[in-house]
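Okay, so here's the structure we're looking at.
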Amino acid sequence: MQVVARSDNDFSRAALELAAGELVAFPTETVYGLGANALDSAAVARIFAAKSRPRFNPLIVHVHDFGVATEYAEFSALAEELAEAFWPGPLTLVLPRLENCALSPLVSSGLDTVALRSPAHKVARRLLEAAQLPIAAPSANRSGRISPTSAADVEAELGDVPAMILDGGRCPLGLESTVIRIAEDGPQILRSGALPREEIEDVLGRKLTSFGGEEGAPLSPGQLASHYAPDSAIRLNAKDPQAGEALMAFGPDAPAFEGPTINLSETGDLQEAAANFFSALRALDETGAERIAVMPIPFEGLGEAINDRLQRAAAER
Ligand code: TXA
Ligand code: MG
């Protein structure tokens, strides 16, 4: 439902929807985002289902301010300087997750970093204030399509998938945020966007390097050094777990097994499986098993993204 966001009542309703695990689309100064409670993996999995993404891409987590951001990520001196200069605004910082970070691992696609941004748009800020939650939000378009800059665009892309679409008019910048990572050898630009490179370089007093070849090319977790690769080997399409293995099960027909086992979804629900996937992978890896046996997971809906991630984890060895 599309709502012109004005009264406190609109924001309280949107906050309740988020707290209940529903999706709320909202305007930012860059583009419209499709938001979910970033602490709730099931809600975050809904975003991937709604966008029909064939892969898990890490998402930007929107926070009200710098103070909230420090609850989730580690800020180096440089990162703090950038936040101070440009937040709230169209700058996203990719930072190491804190050890006990409460954010869903799915927002990071299993990486040990998280992308954070404090948006400047009045509607986004009122929503963050009302919800008192960090909000994971990619652009509110279906996968492979351009980012929406009006509530009507969002409706055309996603129909009634979001429980609410907060209409805050046309986005003033109309271009996604600039994404910066502070790497060991200095700050890198991962995606150019609404905040010009020169303005960032002026604050830092140094040049930004571009990540990998093409600037602005979409970045997949596999390209990142910090990418979470399990120590255990992965055996796919396993129906018969063996001694020494840990079992990543799926569905109601999981075999009885004495070793460490996590069922991604006992009912065979792929959205539930996606919500549990990264934490399960980590937990099974931490058992120290030599190998993780993974039951077959259907290639439909979010199963495609789960299989993509599993195949890459299996190939990394
Ligand atoms: O302006 C924007 O940034 C909009 C509004 C809604 O805030 N959001 C947006 O989100 O464009 P999305 O999901 O469409 O793009 C997020 C970008 C992707 O290029 C993704 O690869 C990168 O941020 N990203 C997110 N987390 C990352 C991480 N941990 N490491 C590296 N890149 C990350
Ligand atoms: Mg996008």
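Since the structure is predicted, the reported quantities are computational estimates derived from the model, not experimental observations. Values below: all heavy atoms of this structure, side chains included; hydrogens, waters and symmetry mates excluded.
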Open item on the list: Pairing donors with acceptors under 3.5 angstrom, does anything connect the side chains of S108 and R97?
Closed with: yes
TODO: Starting from the C-alpha separation in whole Å, work towards a yes-or-no answer on ring-ring contact (aromatic ring centres under 6.0 Å, His included) for H121 and F26.
DONE: CA-CA 10 Å; H121 196 286; F26 62 97; 9.0 Å; no
Open item on the list: Quiz question: by atom type and distance under 3.5 Å, do the side chains of R291 and S232 form a donor-acceptor pair?
Closed with: no
TODO: Ignoring hydrogens and angles, tell me if any N or O in the side chain of R125 forms a donor-acceptor pair with the backbone of H64 under 3.5 Å.
DONE: yes
- [ ] Determine, for R6 against D10, whether the closest basic-nitrogen to carboxylate-oxygen distance falls under 4.0 angstrom.
- [x] no
TODO: Give a yes or no answer on whether the side chain of D153 reaches the backbone of S147 with a donor-acceptor pair at less than 3.5 Å.
DONE: no
- [ ] For the residue pair D65 and S118, confirm or rule out a side-chain donor-acceptor distance under 3.5 Å.
- [x] no
Open item on the list: Side chains of T30 and R117 only: does a donor on one sit below 3.5 Å from an acceptor on the other?
Closed with: yes
TODO: Indicate yes or no: at least one non-hydrogen side-chain atom of V94 is less than 4.5 angstrom from one of I180.
DONE: no
Open item on the list: So F86 and V203, do their side chains get closer than 4.5 Å, heavy atoms only?
Closed with: yes
- [ ] Report yes if the side chains of L302 and F277 come closer than 4.5 Å at any heavy-atom pair, otherwise no.
- [x] no
TODO: Could you tell me whether D253 and K239 have a side-chain N and a carboxylate O separated by less than 4.0 Å?
DONE: no
Task: Backbone N/O of S139 and side chain of K51: donor-acceptor pair under 3.5 Å - done: yes
- [ ] Determine whether the side chains of S177 and T92 contain a donor N or O and an acceptor N or O closer than 3.5 Å.
- [x] yes
TODO: Side-chain contact test, heavy atoms from C-beta onward, threshold under 4.5 Å: evaluate it for L78 versus R206 and give yes or no.
DONE: yes
TODO: Would you kindly confirm whether L247 and L264 end up in one hydrophobic cluster when ILVMFWY residues are joined by side chain heavy atoms under 4.5 Å apart?
DONE: no
TODO: Check whether any side-chain N or O of N276 sits under 3.5 Å from a backbone N or O of A280 as a donor-acceptor pair, and report yes or no.
DONE: no
- [ ] Spell out, as yes or no, whether a donor-acceptor pair under 3.5 Å connects the side chain of D269 to the backbone of S265.
- [x] no
TODO: Could you tell me whether the side chain of F56 reaches within less than 4.5 Å of the side chain of V44, counting heavy atoms only?
DONE: no
